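One structure is given here, and the rest of the page talks about it.
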Amino acid sequence: MSEVTAIRGMRDILPEEALRWQFLERTVAAVLAAYGYGEIRLPVVEKTALFKRSIGEITDIVEKEMYTFDDRNGDSMTLRPEGTAGCVRAAIQQGILSTPQRLWYMGPMFRYERPQKGRQRQFHQTGVEAFGVATPDMDAELILLCARLWRRLGLTDCVELQINSIGNARARKAYRDALVDYLQAHADALDADSQRRLHSNPLRILDSKSAETQAILDGGPTLEEFLDEEADTDFARLCELLNAAGVAYTVNQRLVRGLDYYNKTVFEWVTDKLGAQGTVCAGGRYDGLVQQLGGKSTPAVGFAMGMERLVLLLAEQGAVAEAATVDVYVVAVGADAEVMALVATERIREENPQLRIMQHMGGGSFKSQMKKADKSGARVALIWGENEVAAHAVTVKSLREGTVEGPAQSTVPLIELDSTLCALIAS
RNA sequence: GUGGCCGUAGCUCACCAGGUAGAGCACCGGAUUGUGACUCCGGAGGUAGCGGGUUCAAGACCCGUCGGCCACCCCA
């Protein structure tokens with residue numbers, strides 16, 4: 001193995017897997033278009049301050065997972081670890097928030113973490129953000145959009161929806177204080193991670209995987225008790241809308257999101273088919289972020305989905321039929337035959353733009369070229385040799401029909417090539 | 001950052017109480033004239049991740065290091 005290898009956690013996607021990616025991306029784009037969302041293309045690098053101010057200074061992402069470096073002017077830049085911050089920045093900067101905006105983007109994100117199943121250092125997200133609507137019908141639309149996407153992807157059976165309301169910042173702080181008070185009394189019974197989080201990020205203790213910790217939490221205060229009335233009624237309305245639309249969900253009171261900017265509604269689509277990485281898509285409301293980043297106060301909701309995880313799920317489901325790479329393989333032996341084949345192949349492409357034709361390159365015997373034709377998966381081989389050149393003809397051979405004794409092939413004048421080919425492909 | 005497992009041909013793996021490597025697949029060529037698939041024959045391809053140690057002798061044992069996978073943490 002060469003010493004020049006890809007960076008840890010940054011992988012290559014080979015053509016076979018890329019087919020799955022194309023299917024995913026195509027489907028995502030189609031569903032978003034069906035709801036009137038517009039694509040926005042954003043830089044991969046932003047000023048470091050943007051992420052510190054939006055994601056939160058004390059989060060793991062900002063503290064230890066960002067790819068940050070100084071550019072030649074000495075300004076601190078960061079490879080985006082998530083998309084919302086950049087999208088909000090762009091929306092403010094471009095002045096497009098005077099009216100509601102529905103936006104989406106797709107692309108690579110970067111987080112310096114230990115790679116594992118469903119987690120890469122360069123990973124890909126599709127982000128969807130809706131600005132300017134404060135009411136929970138907007139939250140519902142986003143969730144319905146997801147549900148439709150899962151249906152189109154054939155993933156409905158492997159994901160489920162969890163929702164929660166985490167209220168405004170004041171309610172969360174009050175709850176956090178109450179939770180810390182309560183847990184401090186049981187501190188020595190908590191698992192080690194949770195003890196640490198008691199000081200760093202108490203809300204995160206809620207989704208601790210420790211059974212003892214969860215048992216302790218059962219006796220503690222709940223976030224719900226601290227929610228203001230508006231959060232309550234909005235959440236109830238969201239549930240009502242989801243019920244009416246027939247979207248199943250479970251309310252998970254322990255669901256909190258890792259990024260500081262969320263408020264009110266949060267939701268996650270989770271799966272049990274991806275090992276430790278259960279979350280496939282997650283988001284929520286972030287009504288304060290636009291103003292926090294210097295824009296006019298603008299309500300917003302959004303979510304991001306992890307494309308690697310969705311591709312893994314698709315693979316798991318065997319959801320994508322494997323497409324043959326080419327329809328026709330062109331074999332040519334001899335310098336003159338190669339010329340005739342090249343010209344004829346170009347003409348066929350001109351007249352049949354949808355046809356996938358691969359011409360053999362690099363020479364070789366009929367035998368070796370035919371082997372390549374077979375391997376290519378093509379249904380038809382077009383063959384040129386001395387005889388065809390002399391007769392101004394081409395041999396058309398079916399690679400999928402016929403027997404060893406009587407291969408289905410015929411030599412036809414060049415003028416009849418198109419009709420012969422079309423008949424074969426159509427059959 | 002922490003832990004477990006792993007690192008032998010392009011790929012998937014084997015061998016071995018420690019004595020300088022093998023299979024399957026893939027690849028290339030052949031089985032009489034210009035033709036694939038199945039079959040048969042032949043061929044090419046590895047400084048056994050890297051460095052050090054133990055030993056007469058190490059891919060096999062020990063240490064370190066790098067890399068991979070999975071999990072923790074965290075998150076999409």
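Labels below follow one simple rule: chain letters A, B, ... track the order of the sequence lines, proteins then strands, and each chain is numbered from 1. Worth saying up front: this structure is predicted, and the values here are computed from it rather than measured.
One C1' atom belongs to G18(B), the other to G24(B), and the distance between them is 27 Å to the nearest Å. A44(B) and G22(B): their C1' atoms are spaced 16 Å apart (whole Å). Nucleotides U65(B) and U55(B), compared at atom P, are 23 Å apart to the nearest Å. Atom P of C5(B) sits at a distance of 37 Å from the matching atom of G45(B), rounded to the whole Å. The same atom, P, is picked in U54(B) and in A60(B); the two are 15 Å apart, to the nearest Å. Comparing the P positions of G34(B) and C27(B) gives a spacing of 23 Å, expressed to the nearest Å. Rounded to the nearest Å, the gap between the P atom of C50(B) and that of C11(B) is 15 Å. Taking the P atoms as reference points, C61(B) lies 12 Å from G19(B), given to the whole Å.
Partners of Val311(A) according to the side-chain contact (heavy atoms from CB on, under 4.5 Å) rule, which considers only residues two or more places apart in sequence or in another chain, are Glu17(A), Arg20(A), Trp21(A), Leu24(A). Legend: residues meeting side-chain contact (heavy atoms from CB on, under 4.5 Å) with Leu241(A), ordered by chain and number and at least two apart, are Asp137(A), Ala140(A), Arg237(A). Applying the side chain to side chain donor-acceptor pair (under 3.5 Å) rule to Arg89(A) yields the partners Glu46(A), Gln93(A); only residues at least two apart in sequence or on another chain are considered. With sequence neighbours excluded, the residues satisfying side-chain contact (heavy atoms from CB on, under 4.5 Å) with Pro108(A) are Val44(A), Arg80(A), Phe110(A), Gln122(A), His124(A). Gln277(A) pairs by the side-chain contact (heavy atoms from CB on, under 4.5 Å) definition with Gln116(A), Arg119(A), Arg309(A), not counting sequence neighbours.
Exactly one of Glu141(A), Glu39(A), Glu129(A) qualifies for a salt bridge (charged side-chain N to carboxylate O under 4.0 Å, His left out) with Arg102(A). That residue is Glu141(A).
Across all strands, Glu388(A) comes closer than 4.0 Å to base atoms (heavy-atom distances).
Applying the ring-ring contact (aromatic ring centres under 6.0 Å, His included) rule to pairs touching residues 186-218 of chain A yields Tyr182(A)-His186(A), sequence neighbours excluded. Listed by first and then second residue, the salt bridge (charged side-chain N to carboxylate O under 4.0 Å, His left out) pairs that reach into residues 181-195 of chain A are Asp193(A)-Arg196(A), sequence neighbours excluded.
We find that Arg379(A) and Asp327(A) are not joined by a salt bridge, their nearest charged nitrogen and carboxylate oxygen being 4.0 Å or further apart.
The distance from atom CD of Glu63(A) to atom C1' of G1(B) is 13 Å, rounded to the nearest whole Å. In this entry the distance linking CG of Asn387(A) with P of G34(B) reads 10 Å, nearest Å. The distance between atom NZ of Lys397(A) and atom P of G34(B), rounded to the nearest whole Å, is 15 Å. If you measure from atom CG of Leu14(A) to atom C1' of C11(B), you get 12 Å, rounded to the nearest angstrom.
Cation-pi contact between Arg172(A) and Phe226(A): absent, since separation from the ring centre below 6.0 Å together with deviation from the ring axis within 45° is not met.
Side-chain contact between Glu160(A) and Thr271(A): absent, with no pair of heavy atoms (C-beta onward) separated by less than 4.5 Å. Residues Leu382(A) and Ile357(A) form no side-chain contact, since every pair of their non-hydrogen atoms from C-beta on lies 4.5 Å or further apart.
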Whether each nucleotide of nucleotides 28-33 of chain B has a protein heavy atom under 4.0 Å at its base (B), only at its sugar-phosphate (S) or at neither (-) is summarised, 5' to 3', as S-----
Treating primed atoms plus P, OP1 and OP2 as sugar-phosphate and everything else as base, which nucleotides of nucleotides 67-76 of chain B get B, S or - for protein heavy atoms under 4.0 Å?
SS-SBBBBBB
Under 3.5 Å donor-acceptor pairs involving side-chain atoms of residues 413-421 of chain A, not counting sequence neighbours:
unit_1: Asp418(A); atom_1: OD1; unit_2: Arg347(A); atom_2: NH2; d: 3.1
unit_1: Ser419(A); atom_1: OG; unit_2: Glu416(A); atom_2: O; d: 3.0
unit_1: Thr420(A); atom_1: OG1; unit_2: Glu416(A); atom_2: O; d: 2.7

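Residue-to-nucleotide contacts include no donor-acceptor pair under 3.5 Å from the side chain of Gln369(A) to the base of U35(B).
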Here RNA chain B, pairs taken as Watson-Crick or G-U under 3.5 Å and shown with ( ), [ ] when crossing and | when to another strand, reads (((((((..((((........)))).(((((.......))))).....(((((.......))))))))))))....
Quick one: which protein N/O atoms are closer than 3.5 Å to N/O atoms of nucleotides 41-46 of chain B? Pair and distance per line, please.
none

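Judged purely by distance below 3.5 Å, without hydrogens or angles, the side chains of Arg111(A) and Tyr67(A) never pair a donor atom with an acceptor atom.
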